[in-house]
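Before any comments, here is the structure.
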Amino acid sequence: VGLITTDLAERALANEPRAVARAMRLVDDRAPGSRELLRALWPHTGRAWILGVTGSPGVGKSTLCDQLIAAYRARGSRVAVVAVDPTSPYSGGAILGDRIRMSRHSTDDGVFIRSLATRGHLGGLSRSARDVVRVFDACGYGVVLVETVGVGQDELEITRTAHTNLVVVAPGMGDDVQALKAGILECADVFAVNKSDREGADAAARDLELMIALATESWRPIVAQCVATSAEGIPELVVALERHRAWAAGTDAGHARRMSRLAEEVRDALREALIEVATEELGERIEQAALEVDARLVDPYTAVDRLTREFRARSIR
Ligand SMILES: Nc1nc2c(ncn2[C@@H]2O[C@H](COP(=O)(O)OP(=O)(O)OP(=O)(O)O)[C@@H](O)[C@H]2O)c(=O)[nH]1
Ligand SMILES: [Mg+2]
């Protein structure tokens, strides 16, 4: 495994398309060797700008991504897209739609589009997305777009891996400001009021501005109106996104945000590792405790306290 992954890492870093694709699959499947691969790639990460694109179904996220790909390609960046579909366990309609909207870039070898579908395990999607983003980052994609509908917990987590979060709304789709999920609102750095060729766009933008006026964070979200199908308003949207990118990279508050997210990731990984070690170490003591709890010899809280103490004592030894 070691030799194969080293070779694969080298070829992916040299940007061989087939190696990049294989690395992606390996990481997405969490196949043997995927950890080694991510380890080998890690020193090459940290250069990409990760832009989350979130919003209700059909607001125009993919069409907007298509425009953003064009804008950043024109600036000379290589662009990757991770299209996350939380709804179907198999590559379903949404992913097909995503690909069609961005199809004019399919022959551009500076653009890589990768779809991710739910596999049914909680937390799995956000971890896959994070790891896939890292592969792109290491392979020299300067801009990585992550498109999600932002409905579930998993997807809210995905927004936490982005440096900048673009929340897309559209007028007259019942997904006006009031209907936005609280978690999505909190993660928004820039709002795009897309489909501004339709009635109600000004009102939606006004509602957002009113809501933002109450924000107390050090970054105040920017609202930009656009029409993704005609590219109207896209240059202004890019300016807004770039302002946030500069804020995230260049201010103490931006740095603090990045650090708190990384700390969170380390804590998550630690939680997972600790539960594995503890389960192995305590073995049948866990089932014993369950029996004692069932027999009302002990309450579950005390039982867990005891197991924790026991685990500590064992690991000190
Ligand atoms: N009138 C108008 N239609 C738009 C605009 N942007 C996108 N659309 C249309 O809206 C529909 C949905 O666009 P998508 O880009 O697929 O939307 P999405 O948010 O990616 O959809 P899902 O991935 O399925 O959630 C398509 O028919 C687009 O052509 C716009 O600015 N104005
Ligand atoms: Mg889409």
Side-chain angles (χ1 to χ4, degrees), residues 24 28 48-74 77-88 90-108 110-118 125-126 128-129 132-133 136 141 143-152 154-156 158-159 161-162 164-175 180-181 184 187-198 201 204 224-238 240-241:
M24 215 68 74
D28 190 16
W49 175 52
I50 304 160
L51 172 63
V53 180
T54 309
S56 307
V59 291
K61 298 177 296 295
S62 299
T63 315
L64 210 50
C65 281
D66 173 74
Q67 295 291 359
L68 292 172
I69 294 171
Y72 280 98
R73 284 302 286 146
S77 298
R78 290 166 65 217
V79 184
V81 182
V82 183
V84 179
D85 180 7
T87 49
S88 72
Y90 316 100
S91 305
I95 280 178
L96 199 64
D98 293 343
R99 293 204 162 258
I100 289 167
R101 308 271 181 255
M102 299 180 242
S103 62
R104 69 168 154 151
H105 302 289
S106 62
T107 52
D108 179 350
V111 176
F112 204 124
I113 299 166
R114 168 86 195 178
S115 307
L116 283 184
T118 309
L125 197 57
S126 55
S128 296
V132 163
V133 164
F136 280 130
Y141 289 86
V143 176
V144 183
L145 309 176
V146 185
E147 177 185 335
T148 65
V149 171
V151 284
D154 248 15
E155 285 180 281
L156 277 181
I158 291 175
T159 66
T161 64
T164 300
N165 276 299
L166 173 64
V167 171
V168 187
V169 300
M173 290 192 53
D175 57 3
L180 278 176
K181 278 193 65 173
I184 294 287
C187 84
D189 301 308
V190 176
F191 286 101
V193 179
N194 190 39
K195 306 198 185 182
S196 282
D197 52 327
R198 291 193 179 166
Q225 291 195 38
C226 60
V227 183
T229 38
S230 72
E232 199 182 317
I234 299 300
E236 292 81 357
L237 177 62
V238 169
L241 293 170

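Because the structure is predicted, anything quoted here is derived from the model rather than measured.
- Taking every heavy atom of both residues into account, R78 and R73 meet most closely at CA-NH1, 3.7 Å.
- Within the 4.5 Å cutoff, no side-chain heavy atoms of T164 are placed close to those of L166.
- Closest non-hydrogen pair, L145 versus C65, comes out as CD1-O, 3.9 Å.
- A tilted orientation is assigned to the rings of Y72 and W49, their planes being inclined by 30° to 60°.
- Between Y141 and G110 the shortest heavy-atom distance is CE2-O, 3.9 Å.
- In this structure, the side chains of L68 and L241 come closer than 4.5 Å at one or more pairs of heavy atoms.
- Expressed to the nearest 0.5 Å, how far CE of M24 lies from CZ of F112 amounts to 4.5 Å.
- Of all heavy-atom pairs between P171 and N194, the closest is CD-O, 3.0 Å.
- Residues C226 and L64 are in side-chain contact: their nearest non-hydrogen atoms beyond the backbone lie under 4.5 Å apart.
- Taking all atoms of both residues into account, the shortest heavy-atom contact from L237 to A224 is CD1-CB, 3.9 Å.
- Using a 4.5 Å cut-off on side-chain heavy atoms (C-beta onward), V84 and V149 make no contact.
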Criterion side chain to side chain contact (heavy atoms under 4.5 Å, CB included) on S62 and M102, from CA distance to verdict: CA-CA 7 Å; S62 299; M102 299 180 242; 4.1 Å; yes
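- Separation of atoms CG (D28) and CG (L116) is listed at 5.0 Å; rounding is to 0.5 Å.
- Remark: the backbone N or O of T159 is paired with a side-chain donor or acceptor of N165 at under 3.5 angstrom.
- Here CD1 of I113 is found 8.0 Å from CG of D66. Values are rounded to the nearest 0.5 Å.
- A donor-acceptor pair under 3.5 Å links the side-chain atoms of K61 to the main chain of G55, judged by distance alone.
- For the residue pair G60 and K195, the shortest heavy atom distance occurs at N-CE, 4.5 Å.
- S196 and E232 share no donor-acceptor pair across their side chains, judged by distance under 3.5 Å alone.
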